[in-house]
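Each ligand, and each atom within it, is numbered from 1 in the order the structure gives. All heavy atoms count here, side chains included; hydrogens, waters and symmetry mates do not.
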Amino acid sequence: MLTPRWLPATYLGVCGWPVRHSRSPQMQNAALKATGRDDWRYLRLPLPPALFSDVVQSLATRGFRGVNVTIPHKEQALAVASSASPMARAIGAANTLTFGPDGEIHADNTDAPGLVSSLPSGFEPAGKTALVLGAGGAARAAIYALAQAGGEVLVWNRTPERARELASELGATAVHGQKRADIVVNCTSVGLYGDPDSFKALPLSADYVGAGSCVVDMVYRDGGTPLLQAARAWGAETVDGLEILVAQGAESFQRWTGEPAPRPVMRAALEMSDSQ
Ligand code: NAP
């Protein structure tokens with residue numbers, strides 16, 4: 001069947017509920033344009049949980065190459081897939097689905113490799129101590145990624161039982177109070193609303209975090225987060241949530257297109273959407 005010239009030939013998208021806040025469309029469409037894929041489009045796909053499975057199966061046979069999956073569908077994405085990477089299975093959640101020519105659905109998790117690839121030189125996790133703050137979905141992927149990369153992983157959570165459960169499942173150590181670590185990853189939602197004192201809810205201070213440590217904040221918001229402002233003042237290196245978003249998106253792009261993603265273009269598109 002011929003595709004009319006005004007319709008894109010290949011579709012990608014992000015499924016979530018809600019999904020209007022997602023910045024993946026700006027980032028991925030910039031990457032598609034920069035790599036000459038003028039007939040590809042990346043769409044926002046608002047999908048209530050009850051429709052997720054049926055709609056995803058129909059997308060797989062209707063011109064979609066793949067989709068990203070965000071809250072609350074990451075576990076369902078794994079369940080709907082016909083195959084999954086060992087990483088997605090071990091984490092128990094998928095954020096990337098890739099559709100094969102006969103409607104096969106392959107699930108993968110790019111949150112985990114995205115985190116590791118965002119760490120600055122000198123902070124490769126092997127032989128280092130990493131402290132993960134939080135026990136939700138983002139923490140799960142971070143703990144798995146850091147442990148797989150050879151780090152010793154400590155887990156702190158506001159609700160300690162959840163940290164204990166996650167740590168014992170993923171081979172990490174649950175901790176209370178402040179601990180020294182080379183790499184700190186904030187996987188809580190603290191800082192999302194910009195309250196300048198919000199980071200004080202976390203077990204971090206200049207006595208434990210400073211020159212020689214790297215603080216990653218999964219949270220992103222216009223103007224940056226109070227945690228990263230404090231970490232910089234304490235002398236730590238920092239990685240912001242936009243960089244993590246770019247990294248997982250770049251890993252997804254590569255799985256769908258078979259080519260490396262233009263990460264600087266993706267970052268610039270996000271920063272431009274920040275100021276709009
Ligand atoms: P989630 O499953 O809802 O988990 C939220 C976590 O935050 C829980 O551990 C919760 O602790 C903790 N928390 C919430 N409010 C807190 C407070 N006031 N003080 C201390 N801890 C608090 O969320 P998620 O999916 O893991 O995501 C976590 C954050 O990462 C979100 O802000 C999300 O936007 C961000 N994220 C960013 C990216 C990216 O690409 N940059 C990717 C994924 C997620 P309790 O167990 O005690 O409730």
Salt bridge (charged side-chain N to carboxylate O under 4.0 Å, His left out) between E152 and K128, intermediate numbers included: CA-CA 6 Å; E152 182 201 355; K128 303 237 172 17; over 6 Å; no
Step-by-step ring pair (Phe, Tyr, Trp, His ring centres under 6.0 Å) determination, F64 to F99: CA-CA 7 Å; F64 273 76; F99 305 139; 7.1 Å; no
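An N or O contact shorter than 3.5 Å links R158 to ligand 1 by distance. An N or O contact shorter than 3.5 Å links A135 to ligand 1 by distance. At least one N/O-N/O distance between R162 and ligand 1 falls below 3.5 Å. Here's the thing with G241: one of its N/O atoms is less than 3.5 angstrom from an N/O atom of ligand 1.
Annotation: atom 30 (O) of ligand 1 to nearest protein heavy atom, M218 CB, 3.7 Å. Atom 29 (C) of ligand 1 has T188 O, 3.6 Å as its closest protein atom, hydrogens excluded (heavy atom only). Scanning the protein for heavy atoms near atom 1 (P) of ligand 1, the closest one is G136 CA, 4.1 Å. Nearest to atom 14 (C) of ligand 1 among the protein's heavy atoms is S189 OG, 3.2 Å. With respect to atom 19 (N) of ligand 1, the closest heavy atom belonging to the protein is V190 CG2, 3.4 Å. Protein heavy atom in closest approach to atom 44 (C) of ligand 1: A138 CB, 3.8 Å. Shortest contact from atom 47 (O) of ligand 1 to any protein heavy atom: T159 OG1, 2.4 Å.
Between R140 and E169 there is a salt bridge, since at least one side-chain N of the basic residue sits less than 4.0 Å from a carboxylate O of the acidic one. Salt-bridge formation is not detected for the pair D38/K33: no Lys NZ or Arg NE/NH1/NH2 atom is positioned less than 4.0 Å from an Asp or Glu carboxylate oxygen. A salt bridge does not link R180 to D207: none of the charged nitrogens lies less than 4.0 Å from a carboxylate oxygen. Using a cut-off of 4.0 Å between Lys/Arg side-chain N and Asp/Glu carboxylate O, D240 and R221 are scored as not salt-bridged. Between R263 and E251, no side-chain nitrogen of the basic residue sits less than 4.0 Å from a carboxylate oxygen of the acidic one, so the salt-bridge criterion is not met.
Inter-residue side-chain proximity for V14 and L45 is flagged as unmet; no heavy-atom pair is nearer than 4.5 Å.
Atom CG in N109 sits 7.0 Å away from atom OG1 in T96 (nearest 0.5 Å). In this structure, OH in Y42 is found 4.0 Å from OG in S24, a value given to the nearest 0.5 Å. Between L242 atom CG and S118 atom OG the span is 11.0 Å, to the nearest 0.5 Å.
At a 4.0 Å cut-off, not a single heavy atom of L242 sits close enough to ligand 1 to count as contact. For the pair V219 and ligand 1, a heavy-atom separation below 4.0 Å is found.
Distance check on atom 23 (O) of ligand 1: every protein heavy atom falls at or beyond the 4.0 Å cut-off. Distance check on atom 39 (C) of ligand 1: some protein heavy atom falls below the 4.0 Å cut-off. Within a 4.0 Å radius of atom 3 (O) of ligand 1, the protein contributes no non-hydrogen atoms. Checking atom 7 (O) of ligand 1 against the protein gives a heavy-atom contact under 4.0 Å.
Every atom of ligand 1 with a heavy atom of G134 under 4.0 Å away is listed here by number and element: 9 (O). For ligand 1, the atoms closer than 4.0 angstrom to any heavy atom of I71 are 25 (O). Listed by number with element, the atoms of ligand 1 under 4.0 angstrom from any heavy atom of G137 are 2 (O), 26 (O).
Here the closest non-hydrogen pair linking A139 and G134 is CB-O, 3.2 Å.
The hydrophobic clustering, which links ILVMFWY residues whose side-chain heavy atoms are closer than 4.5 Å, places V116 and V155 apart.
By the criterion of a heavy-atom distance under 4.0 Å, the backbone of C187, and not its side chain, is placed next to ligand 1.
One option in L192, D217, N157 has a heavy atom closer to atom 10 (C) of ligand 1 than any other, and that option is N157.
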